[in-house]
Every structure is written in structure tokens, then in C-alpha cells.
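Note on naming: letters A, B, ... go to the chains in the order of the sequence lines (proteins, then strands), and numbering restarts at 1 for each one.
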There are 2 protein chains.
Amino acid sequence: MRGMSLRMALLGLLTASGPASGYDLTKRFESSVNHAWHAGHSQIYPELAKMAAEGLVTVGEEGPRGRKTYTVTEEGSRLLHDWLVTKENFRPVRDEGALRAFLLPLLEPEESVALLRREAEAYAARLAGLEALWQVKQGSGFGTYALDLGIRQLRMMRDWAGETADRIEHAARG
Amino acid sequence: MRGMSLRMALLGLLTASGPASGYDLTKRFESSVNHAWHAGHSQIYPELAKMAAEGLVTVGEEGPRGRKTYTVTEEGSRLLHDWLVTKENFRPVRDEGALRAFLLPLLEPEESVALLRREAEAYAARLAGLEALWQVKQGSGFGTYALDLGIRQLRMMRDWAGETADRIEHAARG
DNA sequence: TCCTTCATGTAACCTGTTACATGATTCC
DNA sequence: GGAATCATGTAACAGGTTACATGAAGGA
């Protein structure tokens with residue numbers, strides 16, 4: 001089995017914050033795990049159905065408006081634990097930002113510099129968002145480790161973009 | 001059009017290192033752009049065919065063993081340039097490492113620590129690979145900016161894993 | 001002759017994206 | 001009554017993975 005990530009994210013959210021509907025999970029994704037793994041409702045609903053069919057979750061009674069509540073089973077719990085502990089995580093890299101970095105020398109120096117400055121700003125803006133979240137959470141709570149990682153990531157990229165722009169500018173003038 | 005990355009990587013390699021066959025490009029991918037964007041031959045061959053059909057590249061005479069040589073056209077060149085200069089790059093995040101970080105609190109402290117130590121080592125090993133490459137290239141040449149980015153990335157992840165392990169260990173004891 | 005490398009592809013499958021589609025409930 | 005939000009889904013398509021399949025050329 002290859003891409004179990006969506007499954008694991010769902011099992012994780014259900015474990016951490018308790019039983020929920022597909023709708024709830026879609027919201028939880030947006031507000032918590034989204035900066036680590038993105039998924040929309042059109043992916044979540046069918047995945048929950050499959051997971052129920054495979055016994056990883058159970059579906060409760062239908063509530064108002066057809067609401068279905070999912071709960072993790074023993075088997076789901078075990079699977080998540082095993083995945084976390086066991087799985088070697090080196091899937092092939094596919095990073096559009098890095099690809100653009102790779103191709104950067106194909107641009108004129110002024111073009112590259114302008115691009116990098118723009119990107120540095122964009123990274124800084126996203127960074128500000130995550131840092132605000134960090135403030136709110138006071139550096140504790142469920143998503144903290146991932147949030148820390150995300151912040152470090154954006155800081156690194158902002159710095160890389162800025163310093164690379166400086167380097168190119170310097171080389172073009174000097 | 002959404003995922004133009006493979007296309008752009010191919011146009012970029014053809015621009016930077018000259019006309020090549022699908023086979024050559026597969027090799028070039030492995031040895032240069034692989035740490036930024038991965039693709040195998042089964043993706044590259046059909047993509048080149050599509051690109052030829054759309055006039056982004058031309059196919060030369062067949063060489064020995066059915067070898068086909070591709071060359072970038074004006075149109076391909078323009079497309080690549082526009083993509084680099086214009087495109088806003090914020091595709092949704094989908095980072096398995098970050099997801100695992102998010103789910104980390106579901107493990108027992110000792111399990112998390114063991115996992116993070118293992119990961120820190122793995123990052124360090126990959127880092128050593130890229131740093132060796134950097135030494136070879138003496139910090140210059142076509143892929144340099146991306147290589148720099150890759151190195152910063154791995155350093156950051158290694159540090160994050162190590163420091164997070166320390167933090168958890170400290171909290172569990174103290 | 002045999003092995004390796006060069007060289008091309010296809011097919012089935014899984015994951016993710018975008019757009020379409022529907023309807024109940026609650027609040028103003 | 002009308003708008004927002006709750007709540008579920010499907011379908012067509014694009015992108016990526018794995019495995020299968022074939023054969024020519026070159027070197028030991």
C-alpha cells in the first residue's frame with residue numbers, strides 16, 4: 001500500500017478529537033492539519049466510506065440532514081499506530097518551489113531577483129499566519145510539533161529566497 | 001492548466017543541457033533535478049510525445065535503437081519563460097513528514113523519541129549526500145540554487161527532529 | 001554467446017482536482 | 001421568504017505508480 005496518508009490523517013483526527021462526521025472532518029482539516037496535508041470533502045467522503053467497508057471505522061446512526069458519525073475501531077487504531085511507528089518515509093520529492101529554484105538560471109538576473117523577492121514576501125506572509133497561530137496556541141496542544149516544523153520551513157524558505165536574491169544581485173553588479 | 005511541472009522540468013533540462021532523448025532525460029532527472037522533482041521514464045516518454053504534438057518540442061530523425069532526439073521550439077521556450085516569471089506557486093501542501101509530525105502526540109513518548117531519532121539520522125544521511133554534491137560542484141553550476149535549498153531543507157528537518165526528540169524526552173522525565 | 005546498457009513504450013491502477021448536484025435546517 | 005450553513009455525494013479528468021513488454025547494440 002502506498003498513499004495511506006489521507007487515511008492516517010482521518011484516523012488521527014478521529015482519535016485526537018473524537019468521533020465526527022465527514023463534514024466535521026473537512027472542517028478540522030482546514031483548521032488544523034491543512035498546513036501539513038490538504039484534502040477536500042470530495043476526497044474525504046469516499047475515503048470514509050471505504051474505511052468503513054474495511055472495518056477501520058464504524059458509522060453511527062444517521063443524524064439530522066443525513067449526518068453520519070464515524071468512530072475509530074480497534075483495527076483502525078492499530079493500523080494508525082503501526083503506520084506511525086513502522087513506516088519509512090522517503091517518498092520521491094515533488095516540490096514545485098525547488099523546481100523553480102532549479103530552473104532559475106534560465107532567467108535574466110533582474111527577472112530572478114524580482115521573482116525571488118516576490119517569493120520571499122509570500123513566504124513571509126504565510127509565516128506570519130503560522131506564527132500568529134503559534135501565539136494563539138501558546139506553543140502547546142495537539143498540532144504543535146507540526147506547526148513548529150511548518151514555521152521552520154517557511155523561515156528557511158524566506159531566508160533562502162532573500163539571500164539568493166542578494167547573491168544574484170551582487171554577482172550581476174560585481 | 002494545473003500541473004505543468006513535469007513539462008517545465010523537461011523544457012528546462014532541454015534548454016540547459018541541449019537536445020536529448022527520453023532516455024537521456026530520464027538519466028538527467030536522476031542525476032540532477034531528482035531532489036527537486038522526481039519523474040520516471042514511464043511518465044517522461046508519454047509527456048514528450050504530448051509536447052511534440054503540441055509544438056513545444058520537435059523530434060529529430062530516429063537514431064540507432066529507435067532513439068529520438070527532442071529539441072525545444074520557440075513556443076516551448078516562451079512557455080517555460082512565462083511559467084517561471086508569472087506563475088504563483090501555492091499549491092496545497094501535502095507533506096507526509098509534516099503529517100507524521102502532526103500525529104506524533106498519538107504515540108507514547110518513548111516511541112516518538114525513537115522515531116524522531118531515526119528520522120534525524122535519515123535526514124542527516126541524505127544531507128551528507130547533498131553536501132558531497134555541493135563540494136563536487138564547488139557551489140556553482142546549473143543546479144546550485146536548488147541544491148542550496150535542498151541542503152537547507154534537510155538541515156532544518158534534521159534539527160527539528162533532534163530538538164523535538166530532546167523536548168519530548170525532557171518533558172517525559174522532567 | 002551472454003550480459004549489460006541503451007531505448008522505447010503501454011496498461012491497470014490509485015490519488016487528487018474541479019465541477020456538478022442535491023437537499024435539510026437554521027437564522028434573520 | 002430568503003440566505004447562510006450544514007451535510008452528503010458523484011463524475012470526468014489529470015497526474016503519478018507499478019508492472020509488464022519488447023528489442024537493438026555493444027562489450028566480455
Side-chain angles (χ1 to χ4, degrees), chain A residues 1-11 19-31 33-34 36-54 57 59-70 83 87-96 99, chain B residues 1-11 19-31 33-34 36-54 57 59-70 83 87-96 99:
Chain A
M1 278 123 171
R2 178 70 2 189
M4 308 275 282
S5 300
L6 174 57
R7 237 154 227 245
M8 299 307 152
L10 291 170
L11 289 172
S21 68
Y23 186 83
D24 296 334
L25 287 164
T26 305
K27 293 284 168 111
R28 286 190 199 169
F29 251 90
E30 270 166 31
S31 66
V33 73
N34 202 36
W37 195 272
H38 167 86
H41 82 274
S42 69
Q43 224 187 327
I44 291 171
Y45 286 122
E47 188 66 25
L48 285 169
K50 265 193 256 172
M51 288 162 71
E54 295 174 33
V57 294
V59 199
E61 298 288 290
E62 287 210 0
R65 280 164 291 196
R67 181 191 169 88
K68 294 174 190 169
T69 302
Y70 294 91
W83 184 80
K87 209 207 162 200
E88 297 298 330
N89 74 335
F90 292 128
R91 26 169 70 194
V93 183
R94 205 165 276 108
D95 177 341
E96 203 173 274
L99 175 60
Chain B
M1 277 124 170
R2 174 62 22 172
M4 306 275 282
S5 299
L6 174 57
R7 238 154 226 245
M8 297 308 151
L10 290 170
L11 289 172
S21 67
Y23 186 84
D24 296 334
L25 287 164
T26 304
K27 293 285 168 113
R28 286 189 198 169
F29 251 90
E30 271 167 30
S31 66
V33 74
N34 203 38
W37 195 272
H38 167 87
H41 82 275
S42 69
Q43 225 187 326
I44 291 171
Y45 287 122
E47 187 65 26
L48 284 169
K50 266 194 253 171
M51 288 163 72
E54 295 174 34
V57 294
V59 200
E61 298 288 291
E62 287 209 0
R65 280 164 291 196
R67 180 192 169 88
K68 295 175 189 168
T69 303
Y70 294 90
W83 184 80
K87 209 207 163 200
E88 297 299 331
N89 73 335
F90 291 127
R91 24 171 70 194
V93 182
R94 204 166 276 107
D95 178 340
E96 204 174 272
L99 175 60

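- Between K50(B) atom NZ and L10(B) atom CG the span is 11.5 Å, to the nearest 0.5 Å.
- The side chain of Q43(A) sits closest to dG16(C) out of dT10(C), dT15(C), dG16(C).
- Atom CE of M4(A) and atom C1' of dC13(C) are 16 Å apart (whole Å).
- At a threshold of 4.0 angstrom between heavy atoms, the contacts of G22(A) are confined to the sugar-phosphate backbone, with no base atom among them.
- The nearest whole Å value for the distance from the CD atom in E62(B) to the P atom in dC6(C) is 18 Å.
- Residue R91(A) contributes atom CZ, which lies 18 Å from atom P of dG15(D) at whole-angstrom precision.
- OP1 or OP2 of dT17(C) has at least one side-chain nitrogen or oxygen of R94(B) nearer than 4.0 Å.
- Taking CD of E54(A) as the reference point, atom CZ of R7(A) lies at 4.0 Å (rounded to 0.5 Å).
- Considering only residues two or more places apart in sequence or on other chains, R94(A) meets the salt bridge (charged side-chain N to carboxylate O under 4.0 Å, His left out) condition with none of them.
- The residue among P46(B) and D24(B) whose nearest nucleotide of DNA chain C is located toward the 5' end is D24(B).
- Between Y70(B) and V59(B) the shortest heavy-atom distance is CE2-CG2, 3.8 Å.
- Rounded to an integer number of Å, the gap from CD of E47(A) to C1' of dT10(D) is 16 Å.
- dG16(C) atom P lies 10 Å from atom NE2 of H38(A), rounded to whole Å.
- Closest non-hydrogen pair, L25(B) versus A20(B), comes out as CG-CB, 4.1 Å.
- Following rounding to the nearest Å, Y45(B) (OH) and dC6(C) (P) show an atom-to-atom distance of 11 Å.
- Residue T26(B) is out of contact with every strand shown, counting any heavy-atom pair closer than 4.0 Å.
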Output one line per pair: protein atom, nucleotide atom from nucleotides 1-6 of chain D, and distance, for all N/O pairs under 3.5 Å.
| unit_1 | atom_1 | unit_2 | atom_2 | d |
| --- | --- | --- | --- | --- |
| dC6(D) | OP2 | Y23(A) | OH | 2.4 |
| dC6(D) | OP2 | K27(A) | NZ | 2.9 |
| dC6(D) | O5' | Y23(A) | OH | 3.2 |
| dC6(D) | O4' | R65(A) | NH1 | 3.3 |

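- Distances were taken from every side-chain heavy atom of S42(A) (C-beta onward) to each of dA7(C), dA19(C), dA7(D); the shortest belongs to dA19(C).
- Of all the heavy atoms in W83(B) and S5(B), the pair that sits closest is CZ2-OG, 4.2 Å.
- Here the shortest heavy-atom pairing between P46(B) and Q43(B) reads CD-O, 3.5 Å.
- In this structure, the NZ atom of K68(A) is 16 Å from the P atom of dA24(C), given to the nearest Å.
- Going from atom CG of L10(B) over to atom P of dG16(D) covers 11 Å, rounded to whole Å.
- With DNA chain C read from its 5' end, the first of the two nearest nucleotides for P64(A) and T69(B) is the one closest to T69(B).
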